[in-house]
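Structure record follows, encoded as C-alpha cells.
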Amino acid sequence: MARDLLEYSSTLAELAADLPGLIHPVMDRVAELVRSEATENLSGRVLESRSGDLLSTLRVETEQGAQGARVAVSAGDSVTRYARIHEFGGTILPTGGEYLHFLGRRGWARVRQVNIPARPYLRPALEEGAEALPDMLHDRFVELIQGGA
C-alpha cells in the first residue's frame with residue numbers, strides 16, 4: 001500500500017530530531033572513501049612511496065557536533081615535515097647560509113633554492129568524498145523514509 005504525504009511528513013519530522021546520528025554512517029563511509037583515495041595517492045598514483053613514512057601519518061576522522069558533521073584528513077608530523085610542501089608546493093631556501101647542500105642522483109649538489117611543484121594527494125581524496133556524499137546521503141534518506149534502520 002502506498003504511503004501518503006502525511007505519513008512521509010510524520011516520518012520526516014521524527015527523523016529530523018535525530019538527523020546527526022542518522023547520517024553518521026554516511027560520514028563514516030565517506031571517510032573510508034577519502035582514506036582509500038589518499039592511500040592510493042600516497043602509494044604511487046601521485047607520490048612514489050619510498051619509506052611509507054608519509055602514508056603512516058595519514059589520519060582520516062569523522063567529526064560530528066551540534067553544527068553538523070565533517071571529514072577531517074591530515075598527514076605529516078614532526079618527522080615527515082615534507083607533507084605540506086608535497087600537497088601545496090613551494091620553495092625551499094637555505095636557513096644557515098647561502099646554499100642548500102644535499103645528496104642527489106649525481107652526487108652532492110649545492111643550490112640556492114629548490115622549487116617543489118604541488119603534488120596534491122589529500123585534496124583530491126577530499127574532492128572524491130565530497131562528490132560521492134550527495135548520492136550517499138540520498139540513498140540513506142530514502143532508506144530511512146522507507147522504514148529502514
Side-chain angles (χ1 to χ4, degrees), residues 8 11-149:
Y8 281 121
T11 301
L12 286 172
E14 291 170 17
L15 293 175
D18 192 29
L19 193 57
L22 295 172
I23 63 171
H24 188 79
V26 173
M27 297 308 288
D28 287 342
R29 286 199 311 267
V30 169
E32 284 308 310
L33 174 64
V34 169
R35 179 186 319 284
S36 174
E37 290 294 316
T39 298
E40 287 289 322
N41 291 343
L42 288 170
S43 299
R45 188 187 312 164
V46 176
L47 293 175
E48 291 298 321
S49 179
R50 292 186 183 167
S51 66
D53 289 345
L54 186 55
L55 179 57
S56 71
T57 67
L58 178 64
R59 301 287 177 263
V60 181
E61 301 170 344
T62 55
E63 299 173 355
Q64 301 224 11
Q67 300 300 314
R70 71 185 193 122
V71 173
V73 62
S74 65
D77 58 18
S78 62
V79 175
T80 54
R81 296 178 302 194
Y82 51 86
R84 182 175 178 79
I85 202 157
H86 281 303
E87 181 74 20
F88 297 104
T91 301
I92 300 173
L93 300 169
T95 57
E98 275 187 71
Y99 297 97
L100 292 166
H101 301 295
F102 61 92
L103 186 58
R105 292 185 179 144
R106 298 180 187 162
W108 284 96
R110 185 176 93 157
V111 297
R112 291 190 186 273
Q113 67 184 34
V114 175
N115 296 314
I116 305 290
R119 290 173 289 207
Y121 54 93
L122 296 179
R123 289 177 288 164
L126 281 170
E127 289 166 5
E128 285 287 325
E131 188 175 306
L133 181 60
D135 288 338
M136 289 180 174
L137 284 172
H138 173 269
D139 294 347
R140 179 69 172 146
F141 288 138
V142 167
E143 174 188 337
L144 291 168
I145 289 170
Q146 292 176 345

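We find that R123 and E87 are joined by a salt bridge, their nearest charged nitrogen and carboxylate oxygen being less than 4.0 Å apart.
For the pair V34/E128, no side-chain contact is recorded, criterion being any heavy-atom separation below 4.5 Å from C-beta on. At least one side-chain heavy atom of R45 sits less than 4.5 Å from a side-chain heavy atom of E37. Put simply, the side chain of L54 reaches to within 4.5 Å of the side chain of Y121, judged on heavy atoms. Looking at heavy atoms from C-beta onward, P124 lies out of side-chain contact with V46 at the 4.5 angstrom threshold. For the pair E32/R29, no side-chain contact is recorded, criterion being any heavy-atom separation below 4.5 Å from C-beta on. Residues L47 and N41 fail the side-chain proximity criterion, which asks for heavy atoms closer than 4.5 Å.
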Check: Stepwise, does the side-chain contact (heavy atoms from CB on, under 4.5 Å) test hold for T62 with H24?
Finding: CA-CA 8 Å; T62 55; H24 188 79; 3.9 Å; yes
Check: For F102 and V114, what are the C-alpha separation, side-chain angles and deciding distance, and is it a side-chain contact (heavy atoms from CB on, under 4.5 Å)?
Finding: CA-CA 11 Å; F102 61 92; V114 175; 4.0 Å; yes
Notebook entry, point to check: Where do E143 and R140 land on the salt bridge (Lys or Arg N to Asp or Glu O under 4.0 Å) test, with the steps shown first?
Noted result: CA-CA 5 Å; E143 174 188 337; R140 179 69 172 146; 3.2 Å; yes
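The minimum heavy-atom distance linking L103 with G107 is given by the pair CD1-C, 3.6 Å. A130 and P134 get closest at one heavy-atom pair: O-CD, 3.2 Å. The shortest heavy-atom contact between E98 and P94 is O-CG, 3.4 Å. Considering all non-hydrogen atoms of both residues, A83 and A75 come closest at CB-O, 3.5 Å. Contact detail for A118 and P120: the closest heavy-atom pair is C-CD, 3.5 Å. Scanning both residues, V71 and L126, for their nearest heavy atoms gives O-CD2, 4.2 Å.
A distance of 7.5 Å separates CG of L137 from CE of M27, quoted to the nearest 0.5 Å. To the nearest 0.5 Å, atom OG of residue S74 and atom CG of residue L122 are 7.5 Å apart. Interatomic distance, CG of L33 versus CD of E131, reported as 9.5 Å (0.5 Å rounding). Between atom CZ of residue R35 and atom CD of residue E40 there is a gap of 13.5 Å, rounded to the nearest 0.5 Å.
Partners of Y99 by ring-ring contact (aromatic ring centres under 6.0 Å, His included), not counting sequence neighbours: none found.
Partner of T57 under the side chain to side chain contact (heavy atoms under 4.5 Å, CB included) criterion, chosen from L42, D77, V79: D77.
A donor-acceptor contact closer than 3.5 angstrom links the side chains of N115 and T91. Side chain to side chain, T80 and D53 fail the donor-acceptor criterion of an N or O pair below 3.5 Å. With hydrogens and angles left out, the side-chain atoms of H101 and R110 include no donor and acceptor closer than 3.5 Å.
For the pair R119 (side chain) and H86 (backbone), a donor-acceptor distance under 3.5 Å is absent.
More than 12 heavy atoms of other residues, nucleotides or ligands lie within 6.0 Å of CD in Q113, so this atom counts as buried by the packing criterion.
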